[in-house]
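A note on names: the letters A, B, ... follow the listed sequences, proteins ahead of strands, and every chain is numbered from 1. This is a predicted model, so every value here is computed, not measured.
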Number of protein chains: 2
Amino acid sequence: MARLSDLIEEFIKSMINDMDGAIEIQRNELASRFNCVPSQINYVISTRFTNEKGYYVESRRGGGGYISIRRLNTNSAADYIMHIITSIGDKISQHTCEVFINNFVDYNIISNREAMLMRAATSDKALMEVPMDRRDDVRAMILKNMLTSLTVI
Amino acid sequence: MARLSDLIEEFIKSMINDMDGAIEIQRNELASRFNCVPSQINYVISTRFTNEKGYYVESRRGGGGYISIRRLNTNSAADYIMHIITSIGDKISQHTCEVFINNFVDYNIISNREAMLMRAATSDKALMEVPMDRRDDVRAMILKNMLTSLTVI
DNA sequence: GCGTTATAATAGTCAGAGATAGTCAAATTG
DNA sequence: CAATTTGACTATCTCTGACTATTATAACGC
């Protein structure tokens with residue numbers, strides 16, 4: 001049986017996605033949407049939207065009160081990636097490409113496995129079929145495309 | 001006379017088969033189906049669904065709790081990938097490529113993020129710089145290279 | 001008008017009840 | 001004896017509700 005807390009968590013997360021990383025909700029409104037007591041919302045927030053999980057929560061009581069939830073890091077990771085994408089020109093060598101990829105691993109933006117996939121896709125070995133003088137162009141496109149896919153979440 | 005534990009083991013295994021390698025059960029429900037105490041389920045799991053025997057078990061207590069059992073792909077994942085690699089010819093269309101990638105996700109061989117990276121690297125968009133009549137060759141090489149990298153880990 | 005005091009509208013806390021699963025050792029079986 | 005079965009006790013997660021805390025706004029007294 002699906003837990004109510006999980007449903008609420010999902011709902012909030014998709015709201016956050018829709019709203020580009022930050023939302024402001026009203027506890028009672030959300031509770032009544034899910035037919036639960038308001039304190040259940042606190043439970044969900046305190047167990048699922050913690051700091052360690054990358055969220056920052058603020059709230060205010062009284063008339064016009066609210067709970068705001070912001071997703072941390074994710075956006076700055078996306079920003080960082082976007083920055084790198086724009087800094088990559090029309091061409092990139094295999095070596096420079098690897099430097100970038102290693103940086104992403106260092107910054108915890110991608111996992112080791114993901115790094116291996118990216119290296120594999122941009123290696124000279126993979127681009128053997130492409131004439132040498134066009135390889136760095138193709139590589140740049142592939143790398144940019146992969147990076148862009150990461151910013152979509 | 002067949003021991004109860006063996007019956008439960010068989011039951012779980014056939015469920016896993018029916019469900020393509022992964023199930024989620026409720027301890028109490030299963031116990032009452034076999035008219036035994038709940039802890040018997042733990043016994044069966046700890047003696048028959050161990051890591052060495054190729055299973056991965058997770059559980060959660062509390063309301064809506066569950067026990068999930070997954071059959072590991074261990075070496076067969078690498079075997080499966082190698083098999084796919086050899087079955088990919090010198091050319092592959094974007095569409096066929098995506099079918100493969102989606103299958104890998106379904107078989108838990110790659111994560112969703114990894115799938116996105118692979119799609120991004122093999123899309124026509126990424127290969128724009130490559131002349132149309134060479135694209136499927138380059139794509140095949142990139143895909144094979146990425147797949148090979150996965151077997152190394 | 002201005003400061004003070006209710007009132008209403010929020011959100012927070014915490015402890016207890018309910019719903020699961022885990023552990024371990026004694027009893028049983030074959 | 002080794003494997004299985006059982007059950008009492010424990011651990012963990014979820015849900016609920018009573019009580020508390022905070023804030024905005026309206027009402028009041030001067």
May I have the list of side-chain donor-acceptor pairs in residues 48-55 of chain A shorter than 3.5 Å, sequence neighbours left out?
unit_1	atom_1	unit_2	atom_2	d
A/R48	NE	A/E9	OE1	3.2
A/R48	NH2	A/D6	OD1	2.4
A/T50	OG1	A/K53	N	3.3
A/K53	NZ	A/T47	O	3.2

Got a donor-acceptor contact below 3.5 angstrom from the [X] side chain to the [Y] backbone?
X	Y	answer
A/K144	B/A126	no
A/R70	A/Y56	no
A/Q94	A/T122	no
B/R135	B/V130	yes
B/S111	B/E114	yes

How long is the gap from SG on A/C36 to CD1 on A/I8, to the nearest 0.5 Å?
->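 One finds 4.0 Å between SG of A/C36 and CD1 of A/I8.
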Which nucleotide in D/dT4, D/dG7, D/dT5 has an atom nearest any side-chain atom of B/V37 |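 Between D/dT4, D/dG7, D/dT5, the one nearest the side chain of B/V37 would be D/dG7.
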Per A/I67 side chain, nearest of listed nucleotides D/dT5, C/dG12, C/dA21 |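 Between D/dT5, C/dG12, C/dA21, the one nearest the side chain of A/I67 would be C/dG12.
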Counting the atoms with a prime plus P, OP1 and OP2 as sugar-phosphate, which does [X] contact under 4.0 Å by heavy atoms, base, sugar-phosphate, or nothing?
X	answer
A/N42	base
B/Y66	sugar-phosphate
A/G65	sugar-phosphate

[N] [atom2] sits how many Å from [X] [atom1], rounded?
X	N	atom1	atom2	answer
B/I25	C/dT20	CD1	C1'	13 Å
B/I41	C/dA21	CD1	P	10 Å
A/L4	C/dT20	CG	P	14 Å
B/Q26	D/dC13	CD	P	16 Å
A/I69	C/dA11	CD1	C1'	13 Å
B/I45	C/dA21	CD1	C1'	10 Å
A/L30	C/dT10	CG	P	14 Å
B/L7	D/dT4	CG	C1'	13 Å

Closest-nucleotide 5' rank along DNA chain D - winner of A/C36 and B/V44 |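 First, find each residue's nearest nucleotide; the 5'-ward one identifies B/V44.
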Taking for each residue the nucleotide of DNA chain D with the nearest heavy atom, is it B/T47 or A/G63 whose nucleotide lies nearer the 5' end?
-> B/T47
With a cut-off of less than 4.0 Å, is there a side-chain N or O of [X] near OP1 or OP2 of [N]?
X	N	value
A/Q40	D/dT16	yes
A/N28	C/dA11	yes
B/Y43	D/dT4	yes
A/S5	D/dC15	yes

With the criterion being N/O to N/O and under 3.5 Å, what pairs connect the protein with nucleotides 4-6 of chain C, and how long is each?
none

Run through A/D136, A/D133, A/D137 and flag the one making a salt bridge (Lys or Arg N to Asp or Glu O under 4.0 Å) with A/K91.
->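 The single option meeting the salt bridge (Lys or Arg N to Asp or Glu O under 4.0 Å) with A/K91 is A/D137.
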Between the protein and nucleotides 8-11 of chain D, are there any N/O to N/O pairs under 3.5 Å, and if so, what are the atom names and distances?
unit_1	atom_1	unit_2	atom_2	d
D/dA11	O4'	B/R61	NH1	3.1
D/dA11	N3	B/R61	NH1	2.8

Please step through side chain to side chain contact (heavy atoms under 4.5 Å, CB included) for the pair B/V44 and B/F34, ending with a clear verdict.
-> CA-CA 12 Å; B/V44 172; B/F34 283 96; over 6 Å; no
More than 12 heavy atoms of other residues, nucleotides or ligands under 6.0 Å from CG of A/D18: is that the case?
->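 Yes, the 6.0 Å shell around CG holds more than 12 heavy atoms from other groups.
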Does the C/dG22 base have a donor-acceptor partner in the side chain of B/R27 within less than 3.5 Å?
->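 Looking at the base of C/dG22, it does pair with a donor or acceptor on the side chain of B/R27 (distance under 3.5 Å).
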